[in-house]
Structures are given as C-alpha cells and as structure tokens.
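From a predicted model like this one, the values you see are computed outputs, not experimental measurements.
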Amino acid sequence: MNSIDSVTLEVADPEAATRFYAEAFALDPARVRVRGSDAGSTGFRGFTLSLVVSQPGNVDALMAAALGAGATAVKPAAKSLWGYGGVVRSPDGTIWQLATSKKKDTGPATRDIDEIVLLLGVEDVKASKQFYVERGMTVGKSFGGKYVEFTTAPDTVKLSLYKRRGLAKVAGVPADGTGSHRLAITSPTGPFTDPDGFVWESAGR
C-alpha cells in the first residue's frame with residue numbers, strides 16, 4: 001500500500017503561510033508544507049484539504065482559530081446528514097474543510113486533528129481510480145463514478161477522489177478555475193503527473 005507522506009502548498013508568501021498554518025491549525029509541518037511560487041492560478045484549484053476531528057466543538061475551535069489568523073469563511077459550520085462541518089479559505093487561497101461525523105460533543109473542545117484528507121477533484125473518477133491503483137494505491141471505499149477513498153498508512157495524508165464539480169459544490173465555491181493547482185504531493189509512488197495535472201513528487205525512498 002502506498003500513501004501520501006506530505007502535501008506542499010505553493011504560495012506567494014511562504015513565511016506568512018507558515019505562520020497562518022501554525023496559528024490556525026497547529027499543523028505538523030512534516031505533513032503540510034509550503035514553498036514559494038508565482039504560478040498563475042484563478043478560481044477553484046481542483047482540490048481541498050479536509051481536517052477530520054472527533055466532535056463538533058473541535059470544528060468550531062479550528063474555525064475560530066483559522067478566522068482569527070486571517071482565513072475567510074466560505075461555509076459556516078453547521079449540522080448536516082453526515083455530521084457537522086464548515087469550510088474556510090486560507091490567506092494563500094487553499095480551501096479547507098473542517099469536519100466531524102459526530103453531531104454531539106463528548107468532551108471539552110480541542111484543536112486535535114484525527115486525519116488530514118486530500119480531496120482531488122477529477123473529471124473521471126473511475127479512470128483516476130484505476131490510474132492510482134496501478135501505482136500501488138489501495139481502494140478503501142468506492143461509490144461508482146462519484147467518490148473514491150484510498151486506504152491510509154498511519155501518520156500519512158489520506159487521498160480521496162471526487163468529481164470536480166461535486167467537490168466544488170461540497171466546498172461551496174464555483175467549479176471553474178484555470179492555471180496551476182499550486183499543489184505538490186509527496187509519495188513513494190512519485191514522481192509523475194496524473195491525468196488531471198496534479199504533480200506527484202518522490203518521497204526519496
């Protein structure tokens with residue numbers, strides 16, 4: 001089974017982005033990295049990152065910290081059929097989903113994060129699934145041509161595939177976008193560029 005070791009967000013101001021992610025989410029820099037880039041990009045970049053937590057209070061705590069650090073609210077946190085969550089856009093433009101499958105708190109709120117999930121918006125979910133399976137990824141869940149979730153090794157970033165327009169709808173943004181994804185994915189599977197233009201880099205193993 002192959003996994004994602006880390007994701008690298010390409011940003012205009014790496015120092016500001018590093019400060020934001022430390023203040024907002026206290027993210028492990030070994031999992032979510034930043035580097036400078038002036039690559040052109042407009043609109044939806046074709047991916048989101050999701051922080052999965054154990055209870056609604058943790059969603060609220062992360063959202064409050066993100067907004068306090070300079071993020072913009074895209075979707076306010078609210079209950080849904082699947083749980084509770086909201087969406088923010090970081091100052092560098094990355095869209096973050098903050099979510100839990102639980103609808104009630106079971107303890108004091110924290111900013112503890114259980115999983116980091118990279119959701120890629122792709123044109124053909126079935127074809128992209130096959131592409132990744134051929135590169136050693138193992139399917140955990142699959143819902144036809146709508147959604148695929150791959151199994152994850154401990155302390156890595158989970159990969160999921162969504163139809164691009166479906167992912168944009170979930171995130172609460174228009175699906176249109178052009179230019180660079182401004183994202184690099186580090187994995188033992190790399191290096192390669194997938195059919196939707198996402199760049200995978202070697203983990204050096």
> Is there a side-chain contact between V148 and S142, using heavy atoms and a 4.5 Å cut-off?
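Of all side-chain heavy-atom pairs linking S142 with V148, at least one is under 4.5 Å.
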> Are any of the side-chain nitrogens in R35 or E201 under 4.0 Å away from the carboxylate oxygens of its partner?
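Looking at E201 together with R35, the answer is yes, because their closest N to O distance falls below 4.0 Å.
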> Give a yes or no answer on whether the side chain of Q55 reaches the backbone of P108 with a donor-acceptor pair at less than 3.5 Å.
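Answer holds: yes.
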> With under 30° as parallel and over 60° as perpendicular, where do the rings of F25 and W96 fit, or are they tilted in between?
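Because their plane-to-plane angle lies in the 30° to 60° range, the rings of F25 and W96 count as tilted.
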> Surrounding CZ of R89 (heavy atoms of other residues, nucleotides or ligands, distance under 6.0 Å), is the total greater than 12?
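Open: at most 12 neighbouring heavy atoms sit under 6.0 Å from CZ of R89.
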> Check whether any side-chain N or O of S128 sits under 3.5 Å from a backbone N or O of D124 as a donor-acceptor pair, and report yes or no.
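Checked: pair present.
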> Using only atom types and a distance under 3.5 Å, with no angle test, would you say the side chain of H181 pairs donor to acceptor with the backbone of S41?
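Not confirmed, H181 side chain does not pair with S41 backbone.
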> Return yes when atom NZ of K75 has more than 12 non-hydrogen atoms of other residues, nucleotides or ligands closer than 6.0 Å, and no otherwise.
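Above 12, so yes.
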> Compare all side-chain heavy atoms of F150 with those of I4 and state whether any distance is below 4.5 angstrom.
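Of all side-chain heavy-atom pairs linking I4 with F150, none is under 4.5 Å.
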> Donor-acceptor pair, D92 side chain versus T94 backbone, under 3.5 Å?
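Answer holds: yes.
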> If you look at every heavy atom in A24 and A65, which pair is closest and at what distance?
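For A24 versus A65, the nearest heavy atoms are O-CB, 3.3 Å.
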> Using a strict cut-off of less than 4.0 Å between a Lys/Arg side-chain nitrogen and an Asp/Glu carboxylate oxygen, indicate whether D38 and R182 qualify as a salt bridge.
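Salt bridge absent between D38 and R182.
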> When the ring centroid of F131 is compared with that of F192, is the distance short of 6.0 Å?
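Aromatic pair counts; centres sit under 6.0 Å.
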> Donor-acceptor pair, distance only, cut-off 3.5 Å: does the side chain of T100 make one with the backbone of V53?
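Judged by distance alone, yes, a pair lies under 3.5 Å.
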> I'd like to know whether NZ of K79 has more than 12 heavy-atom contacts from other residues, nucleotides or ligands below 6.0 angstrom.
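Not more than 12 within 6.0 Å, no.
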> Is a donor on one side and an acceptor on the other found under 3.5 Å between the side chain of S3 and the backbone of T156?
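Not confirmed, S3 side chain does not pair with T156 backbone.
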